[in-house]
Every structure is written in structure tokens, then in C-alpha cells.
Amino acid sequence: MTTSPRISQSAFDGTRLRVLLLVDLHEGTQQEFLDAYEQMRSRVASVPGHLSDQLCQSMENPSQWLIASEWASAPPFLAWVNSEEHLETVRPMQRCVRDTRSMRYSVLRETGHALPPTAATTGGTPAAARTGDGLTRHALTFTVKPGSESKVAEILAGYAPPESRVDDSTQLCRTTLFMHGNRVVRAVEVRGDLPTALRHVARQPEVRAVEEAINPYLEQARDLTDPESARAFFTRAAMPAVHHVARGGPEPADVRRHALYYPAREGCGMALARLLSQQDETAADDPACAVHRSTVFHRDDIVVRLIDVSGDPETDPVRALGIHGTRKAAVLARLLDGAALGVAGPLTGERDATRLLAHADMTLITDRRAPQS
């Protein structure tokens, strides 16, 4: 009997990142777009980790453009693309754009000019290609007004699921919603094109009704009838998946999904996400670990770790938290804003881990999977 290979995807493998943005312009906006691009280009050139960019125009259709940029690695790009500065930088360009599509690729092989070394080329050994499962993972997070948590949970738990199949190549496979205090996290798994699936879901009447119903309770106001307001809200809410790992073999029958909330100290979010990702990568080879798969989502100083666990996480709180080993627990304690969770202080043993797990575990609101075809 063959064993399923381990699934592993990561933003922390050290390879250079190639970002492609396909842009379709409104008629008559070409010069405005070029002026906006020049402003953006001069600002992004000073962003740490940015290496180069190119602006290309389609030979067949002059309204279609391609912006290609290269980054030293994924983390500096993610920090930039999720920042308020980026949102303000691209705002003038958005007025010209009819449609966009963004794609991000790790550079594993290349020929041509001498280029700075990366994990893909150091020592002449090419980086190994990772094995995926055909799914794209993404999350959104936002906060609601204190005191409205129970009403928001009721609204989010009661909606009718939208049609999962988008087209012949794209399907919304799973949507899971969690809350921690007044923070909401919605995690999705998509087979096919993520932006296409998200646009499809946003157009569904049942989803639009839910979004409108929670609008009065949001801490950050939005107007979904205004494309710019909606775009700004969902850009600020985006939590990219920076790491995913799943051990090979069949899924145990008693697997349950949990989400753990790790608020980081100011400026420590990326370091905390990296720590958890490294720990999960190591734990995937540990047969004693009950975590079957894990996904780390990160934005600013917010880290959420989605785990599928066999049995009760409290049976082994240290491994469930991703801090196996005294030294790793100490590093987590330094990076974590324990006061925000009500668990300030060092993590010196299983009792502390159990307490942290209880405070970090998010409340499951709904978990919906698409029917198996």
C-alpha cells in the first residue's frame, strides 16, 4: 500500500518571490494608469526586500497590462502588500482598473544573468519543489463592536451555504468561521482560482444578506455597494496563509478542527508566524503528535493557527500549541502578547501550556464543507 506524501507549502523557504499582477484597464484611462504606476514604482523601490519590477503591455490587447515584481523572499512582500502604505499607494491606480488578478510564485529554477543567491541556488543545489494538495487557503479577519459578539455569532452561524461550484475548474471546498472575543476569523479552502471563488461567493444572495446583516456591528465601517470601500475593507481583513503542512497517510476518523489565536507583541507577528511554521514542519514527522495538519495565517501582529487534531488538544497541550521543547516555549512567550490573552508570564510547563491553550482556542461558529463530487 502506498502512503500519501506529506503536503507542505511555506512562505518561509527563503526563495525569491515573483509576483504577477494582470490588469485590465477601463477605456481612456491609460495615461492616468501610467502616471499612477510611476508614483507607485518610486515608492515600492525603497521597500525592504523589493528587487525589481517591470510594466508590460499586451501586444494583442493594449488595454491589458502586466506588472511583474521580484522580491528577495515572500515575508517582506507580504508585509508590504498588507500595509496601509500599500493600500494608499495603489488607490490612484484602482480607479483605472476594470479587473485584476494577482499571482505569486517562488523562484526555483532559472537561467540567464547572474542574480543574488537565494535558498533556491545557494551552494548550487536547487530548492526542492513542495508537494501540494490542489487547494488554496486564505483567511479574513475583522472585529465587531464589543457587546455584539453573541448577535454576530448568531448571524454568522445561521446563513444558508452558497453554491460551492463556481465553474468547471473552481470550487469552494470548505469555509470555517471562528470567534475570539470580538474578533472574527473566516478561513476558506478553494480548489482552483481563489479570486474567482471569492468574487463568486460575494455575489451570492445568501452571503450578501449576511454581510449586510453584520454591517451595523463592525468596528470598521464599510459600504459593500461602493467598490472602493469594499476593496479597502477586504484588503485590510486579508490574512494570507504563510505555511501549511499535512502529514501523509489517511485522515484519522476522530479529527476535529480548531483555531488558535496568537496575538503578537508589536512588530513580532512575522517572527511568531515563522516560529509556529517551523515547529509544525518538524512536528509533521513526529508520530506522537496528534496534529494531522496545520495552517498558519498571519497579518501584522495577528497570527492564527488552524489545526486538525486527532482527539482532544488538551491531552497534549504543548504539541497542540506548537511549542514542543522548553526553549521554543520560552521564545513563544517572548513573542506573544500574553496580556492580550490574559496569560501573561513565562511558559514553564504543561500547566502553563494548558492555560494558554484554553485562552487561545477560538470558538467554532460554523464549519461547512462542499459535497464530495
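Relative orientation of the His180 and Tyr261 rings is tilted, given thresholds of 30° and 60° on the angle between their planes. Between Phe77 and Trp71, the ring-plane angle classifies as perpendicular under the 30° and 60° cut-offs.
Both the sub-6.0 Å distance and the 45° axial angle are not jointly satisfied by Arg18 relative to the ring of Tyr105.
Note: Met179 CE to Thr366 OG1 = 13.0 Å, rounded to the nearest 0.5 Å. Atoms CG and CG, on Leu321 and Leu347 in that order, are 8.0 Å from each other to the nearest 0.5 Å. Remark: Ile302 CD1 to Asn82 CG distance equals 10.5 Å, nearest 0.5 Å. One distance of note links CD1 of Ile155 with CD of Glu211; it measures 10.5 Å at 0.5 Å rounding. Distance OG/Ser310 to CD/Glu251: 9.5 Å, rounded to 0.5 Å. The OH atom of Tyr37 sits 5.0 Å away from the CG atom of Leu55 when rounded to the nearest 0.5 Å.
Under a hydrophobic clustering in which Ile, Leu, Val, Met, Phe, Trp and Tyr are joined whenever their side-chain heavy atoms come within less than 4.5 Å, directly or via other members, Val152 and Met362 fall into different clusters. No single ILVMFWY cluster, assembled from side-chain heavy atoms under 4.5 Å apart, contains both Val304 and Val184.
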Trace of the side chain to side chain donor-acceptor pair (under 3.5 Å) decision for Gln39 with Asp35: CA-CA 7 Å; Gln39 294 179 21; Asp35 293 342; over 6 Å; no
Using side chain to side chain donor-acceptor pair (under 3.5 Å), reason through Asp53 and Ser69 one step at a time and then give a plain yes or no. CA-CA 4 Å; Asp53 60 72; Ser69 62; over 6 Å; no
For Phe12 and Gln278, run side chain to side chain contact (heavy atoms under 4.5 Å, CB included): C-alpha distance rounded to whole Å, both residues' side-chain angles, the deciding distance at 0.1 Å, then the answer. CA-CA 9 Å; Phe12 299 117; Gln278 292 170 341; 6.0 Å; no
Evaluate the criterion salt bridge (charged side-chain N to carboxylate O under 4.0 Å, His left out) for residue pair Glu314 and Arg355; output intermediate values, then yes/no. CA-CA 10 Å; Glu314 291 189 4; Arg355 189 161 58 97; over 6 Å; no
Arg183 vs Glu149, test: salt bridge (charged side-chain N to carboxylate O under 4.0 Å, His left out). Steps then yes/no. CA-CA 9 Å; Arg183 179 167 296 281; Glu149 294 90 346; over 6 Å; no
Would you sort out whether Arg6 and Asp285 count as a salt bridge (charged side-chain N to carboxylate O under 4.0 Å, His left out), showing the intermediate values? CA-CA 9 Å; Arg6 177 210 277 202; Asp285 293 326; 2.4 Å; yes
Starting from the C-alpha separation in whole Å, work towards a yes-or-no answer on side chain to side chain contact (heavy atoms under 4.5 Å, CB included) for His244 and Ile7. CA-CA 8 Å; His244 174 78; Ile7 304 300; 3.9 Å; yes
Would Val201 and Leu172 satisfy side chain to side chain contact (heavy atoms under 4.5 Å, CB included), going step by step from the backbone distance to the final call? CA-CA 8 Å; Val201 170; Leu172 180 66; 3.6 Å; yes
Show the numbers, then the answer: is there a side chain to side chain donor-acceptor pair (under 3.5 Å) between Thr196 and Asp193? CA-CA 5 Å; Thr196 299; Asp193 184 60; 2.5 Å; yes
Might you work through the side chain to side chain donor-acceptor pair (under 3.5 Å) test for Asn182 and Tyr217, ending with a clear yes or no? CA-CA 10 Å; Asn182 71 328; Tyr217 306 107; over 6 Å; no
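Pairing each heavy atom of Ser102 with each of Val19, the nearest pair is OG-CG1, 4.3 Å. Across all non-hydrogen atoms, the minimal contact from Arg191 to Asp133 is NH1-O, 3.4 Å. The minimum heavy-atom distance between Pro252 and His292, with the atom names listed, is CD-ND1, 3.6 Å. For the residue pair Ala45 and His50, the shortest heavy atom distance occurs at CA-ND1, 3.8 Å. Closest heavy-atom contact between Ser106 and Asp13: OG-OD2, 4.1 Å. The heavy-atom pair separating Val185 from Ala139 by the smallest distance is CG1-CB, 4.5 Å.
Contact of the Arg104 side chain with the Leu78 side chain is registered, since non-hydrogen atoms from C-beta on lie closer than 4.5 Å. Side-chain contact between Leu218 and Lys145 is absent, with no heavy atoms from C-beta onward closer than 4.5 Å. The shortest side-chain heavy-atom distance between Asp301 and Arg265 does not fall under the 4.5 Å cut-off. Within the 4.5 Å cutoff, side-chain heavy atoms of Met270 are placed close to those of His298. Contact of the Arg368 side chain with the Arg174 side chain is not registered, since no non-hydrogen atoms from C-beta on lie closer than 4.5 Å. For the pair Leu87 and Arg231, the minimum side-chain heavy-atom distance is 4.5 Å or more. Between His26 and Arg95, the closest side-chain pair of non-hydrogen atoms is not below 4.5 Å. Side-chain contact between Met40 and Met93: present, with at least one pair of heavy atoms (C-beta onward) separated by less than 4.5 Å.
The neighbour count for Gln54 CD, taken as heavy atoms of other residues, nucleotides or ligands under 6.0 Å away, does not exceed 12. The local environment of CZ in Arg101 is sparse, with at most 12 non-hydrogen atoms from other residues, nucleotides or ligands closer than 6.0 Å. Within 6.0 Å of the CG atom in Asp168, the count of heavy atoms belonging to other residues, nucleotides or ligands does not exceed 12.
With hydrogens and angles disregarded, a donor-acceptor distance shorter than 3.5 Å links the side chain of Thr354 to the backbone of Glu350. Between the side chain of Arg137 and the backbone N or O of Phe297, no donor-acceptor pair lies under 3.5 Å. At least one donor-acceptor pair under 3.5 Å links the side chain of Ser229 to the backbone N or O of Asp223. Side-chain atoms of Thr170 never come within 3.5 Å of backbone atoms of Asp167 as a donor-acceptor pair (strictly under, hydrogens ignored). Glu189 places no side-chain N or O within donor-acceptor distance of the main-chain N or O of Thr136, the cut-off being under 3.5 Å. Panel note: side chain Arg16, backbone Ala74; no donor-acceptor pair is recorded below 3.5 Å. Side-chain atoms of Ser277 come within 3.5 Å of backbone N or O of Ala273 as a donor-acceptor pair. Under a 3.5 Å cut-off, the side chain of Gln204 and the backbone N or O of Glu206 do not form any donor-acceptor pair. Side-chain atoms of Asn61 come within 3.5 Å of backbone N or O of Ser63 as a donor-acceptor pair. When atom types are taken as modelled, the side chain of Glu212 and the backbone of Val210 share no donor-acceptor pair closer than 3.5 angstrom.
Salt bridge annotation for Arg91-Glu228: present, with a cationic side-chain nitrogen under 4.0 angstrom from a carboxylate oxygen. Salt-bridge annotation for Arg257 and Asp367: absent, with no side-chain N of the basic residue lying under 4.0 Å from a carboxylate O of the acidic one. At a threshold of 4.0 Å, the pair Asp312-Arg256 does not count as salt-bridged, since none of the basic side-chain nitrogens sits closer than that to a carboxylate oxygen. Of the charged side-chain nitrogens involved, at least one lies within less than 4.0 Å of a carboxylate oxygen, so that Asp286 and Arg319 count as a salt-bridged pair.
In this structure, the ring pair (Phe, Tyr, Trp, His ring centres under 6.0 Å) partners of His86, at least two apart in sequence or on a different chain, are Trp80.
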